[in-house]
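Structure first, commentary second.
In what follows, chains are A, B, ... by sequence order, proteins preceding strands, each numbered from 1. All values derive from a computational prediction rather than experimental measurement.
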There are 2 protein chains.
Amino acid sequence: MASINVGIVGYGNLGRGVELALKQNPDFQLKAIFSRRQPDEVASARGVVHISEIEKYKGDIDVLILCGGSATDLPEQGPQLAAMFNTVDSFDTHAKIPEYFAKVNEVAEKAGTVSVISTGWDPGLFSLNRLLAESVLPEGNDYTFWGKGVSQGHSDAIRRVAGVKNGVQYTIPVEAAVERVRQGENPELSTREKHLRECFVVAEEGADLAKIEHEIKSMPNYFSDYDTTVHFISEEELKANHSAMPHGGMVLRSGRTGENSTQLIEFRLKLDSNPEFTASVLVAYARAAYKLSQAGQSGAKTVFDIPFGLLSPKSPEQLRKELL
Amino acid sequence: MASINVGIVGYGNLGRGVELALKQNPDFQLKAIFSRRQPDEVASARGVVHISEIEKYKGDIDVLILCGGSATDLPEQGPQLAAMFNTVDSFDTHAKIPEYFAKVNEVAEKAGTVSVISTGWDPGLFSLNRLLAESVLPEGNDYTFWGKGVSQGHSDAIRRVAGVKNGVQYTIPVEAAVERVRQGENPELSTREKHLRECFVVAEEGADLAKIEHEIKSMPNYFSDYDTTVHFISEEELKANHSAMPHGGMVLRSGRTGENSTQLIEFRLKLDSNPEFTASVLVAYARAAYKLSQAGQSGAKTVFDIPFGLLSPKSPEQLRKELL
C-alpha cells in the first residue's frame, strides 16, 4: 500500500490522539511530531522535533496534521504552514471560519498546496449532516443537541470562579426535547429546553459553597439560560470519575414531503473520547488532502468539498462493490 | 436562481414523488414526464409525454431523473438515456452495481454526459454512512438494521402463496439487538436476532389459513431464517391500515480508538413515505449531476464521488458561513 508521510503539529490531547489513530491506518507513516516545547521535555516513544525545524521537512512530508487550538495556534500556523505543506486542521471557531478559509486559501492557492480546514465532528461530521439533511428535505427544521459530554469552555468558566480549585462541566441534552423532535413534532425549543448543565466542582478549603454555586448558576452566556446543577466533590473524586473526555450529540432534521409525510434524518455520535475521535476524523481527511493534492488540486477545502470516496484507503471499484 | 430543466422517466410511486419533491426546490423546472403508457391513460396535472418522443428533448433537458425499477427498466434505460442526457437513478440491485456502473460509465464517457447511479437511501445515504464510519473508525464493526417498514419483495413473496389474495410484510429491527450495538457490545448477531418479519394477509374465501401460515413461515430466504408473525385480516382493513409505505432503518458502527475508547456513529432514518424520501434524494443528486456536467465532467458517478456541497442550491461561501 502506498505510504502517506505525515507530520503532527502540536502534541496535546489531539496530537496524541492522531498518533494513536495513525497506528490503525497502515497506509500512513508518521515522519515527525513537531512541538513548541523542547523535544526532551516531551514524553513520547517517537522522535519529537522542535517546530522551528519544520521547514527542513518540506518535500518529505505529504500532509501535516495541525493539532493546535483555534484561539491562537491555528490562525497563525494554518496560513504559515499551508505555504509549505498540505495541511488538515480542526479549526472550530464557527463564526471565524469564512475569514480563516480566505486566509488559508490565498496562501495554499499560491503555494499549490491543499489545506482541509475545520474537520472533526462539529464543525465536520455534524456540518455534513446538516447540509445533507437540508438538501434532501428543504422543508423542515434542524436540531443539534450536544452531549452528554465535557465542555472545555464551560469547565474553564467554572474554574475562573473565586474559591474554585477545579471543576468539570457536562452538557446534557434534554431527552424529552430529543423525543419530541424524533416524533416529528417540529417543536420550537428554547435554550433551557434543549440542554442541561451539570457541574462537578472542587472548592478551596473554607470557601463559601453557596456563593460559588450562585455565581456559577447566574453566569451570563455560560449558565444563566440553563437549568444548572452544581455538585461539590473532592479532588480525588474529580480525578477518579471525571478525567475522561466523553462527548457526542446528534443532528436531527424533521422534514415534510408530498402531501404531509414526516421524514426524519438523525445522525448521532456517542464518544468515549472526544479528542481521539476528532483525531480519527483528521486522519481520514489527511488521506483526502493527499489524494486531492496528487490529483493536482490546490487551495483551502472543507468537508463540503470532499467526496467520501477520498476518505477511504480502498479503490473506487472496491467501494462500489463492498459498500454501495 | 438559475433553473435546472429536468425530465422524469417513469410515473409510478417514485416518479410521482419526484414531481412533488421538485415543487420544494425552486431552482428546478420540470419540463416533461415520460411514460411508456399512452399519455391520455396517465392522470396528472402536467403534460405526460410518451417515452418514444424523448429524443426530441435533447438539449432542452439538463438532467433526466430515472424512476423505473432496477429489475428490468434501469438496466436497459440507464445506458440508453445516458447516451443523450445527464441522468440520475436509484438502481438498487446491490450485487449488480459494478456491472451497471461499467455499462453506464462507458456510454456516458463517450457521450460526455454525467450519470449518477444508485442514489436513494440504500444504496445511497446508508452507503455513505457505512463508508464514512469505516474510514473514521477502521477498527470496529458495522451494523445495518432496516425498518420498521414495508418490504416490497417480501410482500410480493406473500402474495405468490396459494390461497393469498393480498398481503403486506413489515421488516422490524429487533430493539434489543440495536441496544446491544449502541452500548458498544460489538455483538455477533444472527439473521434471526436482527430483524422480525410481520405479515398482514388477506386470504381467499375458504382458503386453509394454517397451511398459508405454514407456507409463509417456512419459505426459504424470505422467512424461514426469521421469527415471522402472520395476521389474517380483511381486505378493507389492509387498505385502511397498511396502504402507506413507511420505512427507515439505521447504520451503526461501533469502533475502538486509542487504548480502549468505544466510539459509536449512528445514522437513522424514520420515513413516513419511502418513495417520497427516495425521490427527494434523487432530486438533490440531480442538482449535483447538473453542476458536475457544468464543470465539464462526464461518466458514471456514485454518491461516493460527489461532495455534499454540490447537493445544495447554496453557494460554497454561504454553506461555509451558515452550515459549517
Please determine whether the number of non-hydrogen atoms from other residues, nucleotides or ligands lying under 6.0 Å from atom [atom1] of [X] exceeds 12.
X      : atom1 : answer
A:K314 : NZ    : yes
B:K103 : NZ    : no
B:K291 : NZ    : yes
B:E259 : CD    : no

Measuring heavy-atom distances to chain B, does [X] have an atom under 4.5 Å in its side chain, in its backbone, in both, or in neither?
X      : value
A:E322 : neither
A:F101 : side chain
A:L125 : side chain
A:N129 : side chain

| Under the side-chain contact (heavy atoms from CB on, under 4.5 Å) criterion, do B:E276 and A:Q263 qualify, and how do the steps go? | CA-CA 9 Å; B:E276 283 175 17; A:Q263 316 274 28; 3.8 Å; yes
Quick one: what part of [X] sits under 4.5 Å from any heavy atom of chain A, side chain, backbone, both or neither?
X      : value
B:L252 : neither
B:Q183 : both
B:E317 : neither
B:V281 : both
B:L20  : side chain
B:F267 : both

Pick from [options]: which one has the most heavy-atom pairs with chain B under 4.5 Å?
options                        : answer
A:G255, A:P138, A:A284, A:P316 : A:P138
A:P123, A:S273, A:P246         : A:S273
A:I97, A:L128, A:D122          : A:L128
A:V283, A:I306, A:V251, A:D92  : A:I306
A:A95, A:S312, A:S261          : A:S261
A:D272, A:D305, A:V136         : A:D272

| query | For B:R256, does its backbone N or O pair with a side-chain atom of A:Q24 as donor and acceptor, under 3.5 Å? | reply |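 Looks like yes, one N/O pair under 3.5 Å.
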| query | A:S135 pairs by side-chain contact (heavy atoms from CB on, under 4.5 Å) with which of B:L311, B:L310, B:N25? | reply |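 For A:S135, the side-chain contact (heavy atoms from CB on, under 4.5 Å) test succeeds with only one of B:L311, B:L310, B:N25, which is B:L311.
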| request: Using the side-chain contact (heavy atoms from CB on, under 4.5 Å) rule, take A:V303 and B:F308 through it: C-alpha gap first, then chi angles, then the decisive distance, then the call. | output: CA-CA 8 Å; A:V303 293; B:F308 282 12; over 6 Å; no
| message | For a quick test of reading the model, state the closest non-hydrogen atom pair linking B:T302 to A:L324 and the distance between them. | response |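 Nearest pair, atom of B:T302 first, then A:L324: CG2-CD2, 4.0 Å.
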| message | Salt bridge or not between B:K270 and A:E266? Use side-chain N to carboxylate O under 4.0 Å. | response |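 No.
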| message | One pair to check against side-chain contact (heavy atoms from CB on, under 4.5 Å): A:L323 and B:S127. What are the steps and the verdict? | response | CA-CA 6 Å; A:L323 295 175; B:S127 325; 5.6 Å; no
| task | Would you check if B:L131 and A:L319 make a side-chain contact, meaning some heavy-atom pair closer than 4.5 Å? | result |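 Side chain of B:L131 against side chain of A:L319, heavy atoms only: contact under 4.5 Å found.
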